[in-house]
Amino acid sequence: MNPFEARSTNDNTLIVTFDDVGAGWEQWILVSSDRHWDSVHSDRTMQKRHLEEALERNALIVDLGDLFDAMQGRHDRRGNKSSVRPEHQRSDYFSALVESAVDWFSPYAKNILMLGTGNHETAVMKNNEINLTWHLGRQLNALHGGGIHLGNYSGWVRFHFRANGRKYWPSIVTHYHHGSGGSSPVTKGVIQTNRRATYLPDANVVLSGHIHQTWLMPIERERVNAGGAVFMDTQMHVSVPSYKRASRREGWEVEKGMAPSGKGAIWWRLYYFGGEVRSEFTWAQ
């Protein structure tokens, strides 16, 4: 990957600064959410393929939460013992989740830029007083000397770009939110974009997960700079899918009549062109 500096502010905003940005420069980012990695219904083969591609592309990895499914604890009414993987069938269930996740994600630790928190992790914190994301990130950092940023349920990442440590190109301001509510069978959650655009005027890119849907929604904006010049820009809303797909024959999703959703993640390519750094998004499936 390209050399970069990363730091956190008091508000836990992640500031990432790339240097030597110019003609031919590009940086890939694998944006994932809702891996539900420990579920028997999570596609680990696809996850492994995408993570290996991330290594090949020298990509950074940003995860928006629910890396853990973690529904088989004693206090979780959603639990189903048939959904527990053999290696997690221990009395110290949550310790087993963290230990096996550390082993599984270790080959990719140096590429992981951020681990966010989802509703499955916050449910574990509420009912069992353990932060699975914190333990995973801290252990990966300790083992591999990495700089994994421990994000929140919602937060900001600012990508800065400069040439030779002096001249700065326009930054890309990114807001992430694990997600909320359900996925409407008609709108697929796209209606949220107009709501978010209203209260996130500073964001160039808005990332979210949770609803297991895949879509890109650009919103064109008319703006004016400090000198009074009017210009147009685009705020890109990205819904990141899941790696989990439950049975279509039985279970909660079937009983609720939910439609199947796509699996995978999002590839985000940053590249320099025409005096600025631009974004390109594709569905990793």
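All heavy atoms count here, side chains included; hydrogens, waters and symmetry mates do not. This is a predicted model, so every value here is computed, not measured.
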Is the backbone N or O of [Y] less than 3.5 Å from a side-chain atom of [X], with the two atoms forming a donor-acceptor pair by type?
{"X": "Ser42", "Y": "Asp38", "result": "no"}
{"X": "Arg221", "Y": "Met232", "result": "no"}
{"X": "Asp63", "Y": "Gly116", "result": "no"}
{"X": "Arg7", "Y": "Thr17", "result": "no"}
{"X": "His120", "Y": "Asp69", "result": "yes"}
{"X": "Gln27", "Y": "Asn2", "result": "yes"}
{"X": "Asn131", "Y": "Thr133", "result": "yes"}
{"X": "Thr9", "Y": "Asp11", "result": "yes"}
{"X": "Trp268", "Y": "Val31", "result": "no"}
{"X": "Glu121", "Y": "Leu67", "result": "yes"}

Within this structure, what is the [atom1]-[atom2] distance for the pair [X] and [Y], rounded to the nearest 0.5 Å?
{"X": "His212", "Y": "Arg245", "atom1": "NE2", "atom2": "CZ", "value": "11.5 Å"}
{"X": "Asn152", "Y": "His177", "atom1": "CG", "atom2": "NE2", "value": "11.0 Å"}
{"X": "Ile148", "Y": "Asn141", "atom1": "CD1", "atom2": "CG", "value": "4.5 Å"}
{"X": "Leu132", "Y": "Thr117", "atom1": "CG", "atom2": "OG1", "value": "9.5 Å"}
{"X": "Leu140", "Y": "Leu115", "atom1": "CG", "atom2": "CG", "value": "7.0 Å"}
{"X": "Leu60", "Y": "Phe4", "atom1": "CG", "atom2": "CZ", "value": "5.0 Å"}

Beyond-backbone contact of [X] with [Y], side-chain heavy atoms, under 4.5 angstrom:
{"X": "Val230", "Y": "Glu222", "answer": "yes"}
{"X": "Glu26", "Y": "Tyr272", "answer": "no"}
{"X": "His144", "Y": "Phe105", "answer": "no"}
{"X": "Ile266", "Y": "Pro241", "answer": "yes"}
{"X": "Ser32", "Y": "His50", "answer": "no"}
{"X": "Ile29", "Y": "Ile61", "answer": "no"}
{"X": "Trp169", "Y": "His160", "answer": "no"}
{"X": "His88", "Y": "Ser100", "answer": "yes"}

Hphob cluster co-occupancy, [X] + [Y], side-chain heavy atoms under 4.5 angstrom:
{"X": "Val277", "Y": "Val173", "result": "no"}
{"X": "Met114", "Y": "Val240", "result": "yes"}
{"X": "Tyr93", "Y": "Val102", "result": "yes"}
{"X": "Val238", "Y": "Trp28", "result": "no"}
{"X": "Met46", "Y": "Val62", "result": "no"}

Is atom [atom1] of [X] surrounded by more than 12 heavy atoms (other residues, nucleotides or ligands) closer than 6.0 Å?
{"X": "Leu55", "atom1": "CG", "value": "yes"}
{"X": "Arg138", "atom1": "CZ", "value": "no"}
{"X": "Arg90", "atom1": "CZ", "value": "yes"}
{"X": "Glu129", "atom1": "CD", "value": "no"}

Side chains of [X] and [Y]: is there a donor and an acceptor less than 3.5 Å apart?
{"X": "Ser242", "Y": "His36", "result": "no"}
{"X": "Asp66", "Y": "His178", "result": "yes"}
{"X": "Ser8", "Y": "His149", "result": "yes"}
{"X": "Trp156", "Y": "Thr174", "result": "no"}

Side chain to side chain contact (heavy atoms under 4.5 Å, CB included) between Val157 and Tyr176, intermediate numbers included: CA-CA 8 Å; Val157 181; Tyr176 68 88; 4.1 Å; yes

Establish, for the pair Lys263 and Trp283, whether the NZ or CZ atom is under 6.0 angstrom from the six-membered ring centre and no further than 45 degrees off its axis.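 No, cation not above the ring by the 6.0 Å, 45° rule.
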
Report yes or no: is the cationic atom of Arg44 (NZ for Lys, CZ for Arg) closer than 6.0 Å to the six-membered ring centre of Trp104, at no more than 45° off its axis?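 Yes, a cation-pi geometry.
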
Ignoring hydrogens, what is the shortest heavy-atom contact between [X] and [Y]? Give both atom names and the distance.
{"X": "Pro170", "Y": "Gly275", "value": "CD-O, 4.2 Å"}
{"X": "Tyr243", "Y": "Ala265", "value": "OH-CB, 3.3 Å"}
{"X": "Trp134", "Y": "Leu150", "value": "CD1-CD1, 3.6 Å"}
{"X": "Lys244", "Y": "Ser39", "value": "CE-OG, 3.7 Å"}
{"X": "Ala163", "Y": "Asp19", "value": "C-OD1, 3.8 Å"}
{"X": "Leu143", "Y": "Ser106", "value": "CD1-OG, 4.5 Å"}

Start with the C-alpha distance between Arg278 and Glu280, add both sets of side-chain angles, then the distance that settles salt bridge (Lys or Arg N to Asp or Glu O under 4.0 Å), and finish with yes or no. CA-CA 7 Å; Arg278 302 188 180 187; Glu280 179 182 78; over 6 Å; no

Going by an N to O cut-off under 4.0 Å, is there a salt bridge joining Glu5 and Arg162?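 A salt bridge is present here (some side-chain N lies under 4.0 Å from a carboxylate O).
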
Test side-chain contact (heavy atoms from CB on, under 4.5 Å) applied to Phe231 - qualifying residues, sequence neighbours left out: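 For Phe231, the residues satisfying side-chain contact (heavy atoms from CB on, under 4.5 Å) (neighbours in sequence not counted) are Arg223, Asn225, Asp233.
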
side-chain contact (heavy atoms from CB on, under 4.5 Å) partners for Trp215, two or more places apart: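 Residues passing side-chain contact (heavy atoms from CB on, under 4.5 Å) with Trp215: Lys188, Val190, Thr193, Ile211, Gln213, Met217, His237, Ser239.
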
Going through the distances and angles, do Gln139 and Val98 end up as a side chain to side chain contact (heavy atoms under 4.5 Å, CB included)? CA-CA 9 Å; Gln139 291 191 41; Val98 173; 3.5 Å; yes

Report the C-alpha distance between Val40 and Arg85 in whole Å, list the side-chain angles of each, state the deciding distance to 0.1 Å, and finish with yes or no for side chain to side chain contact (heavy atoms under 4.5 Å, CB included). CA-CA 6 Å; Val40 295; Arg85 291 181 179 271; 4.0 Å; yes

Residues that Thr13 engages under side-chain hydrogen bond (donor to acceptor under 3.5 Å, both in side chains), provided they are two or more places apart: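 In terms of side-chain hydrogen bond (donor to acceptor under 3.5 Å, both in side chains), with neighbours along the sequence ignored, Thr13 is linked to no residue.
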
Counting the benzene-type ring for Trp, do Phe94 and His135 have ring centres under 6.0 Å apart?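 Centroid separation for Phe94 and His135: 6.0 Å or greater.
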
Hey, what's the ring geometry for Phe159 with Phe161, parallel, tilted or perpendicular (30° and 60° as the breaks)?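 Parallel: the ring planes of Phe159 and Phe161 meet at under 30°.
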
Would you check, one step at a time, whether the test side chain to side chain contact (heavy atoms under 4.5 Å, CB included) holds for Thr122 with Lys126? CA-CA 6 Å; Thr122 57; Lys126 177 181 178 181; over 6 Å; no

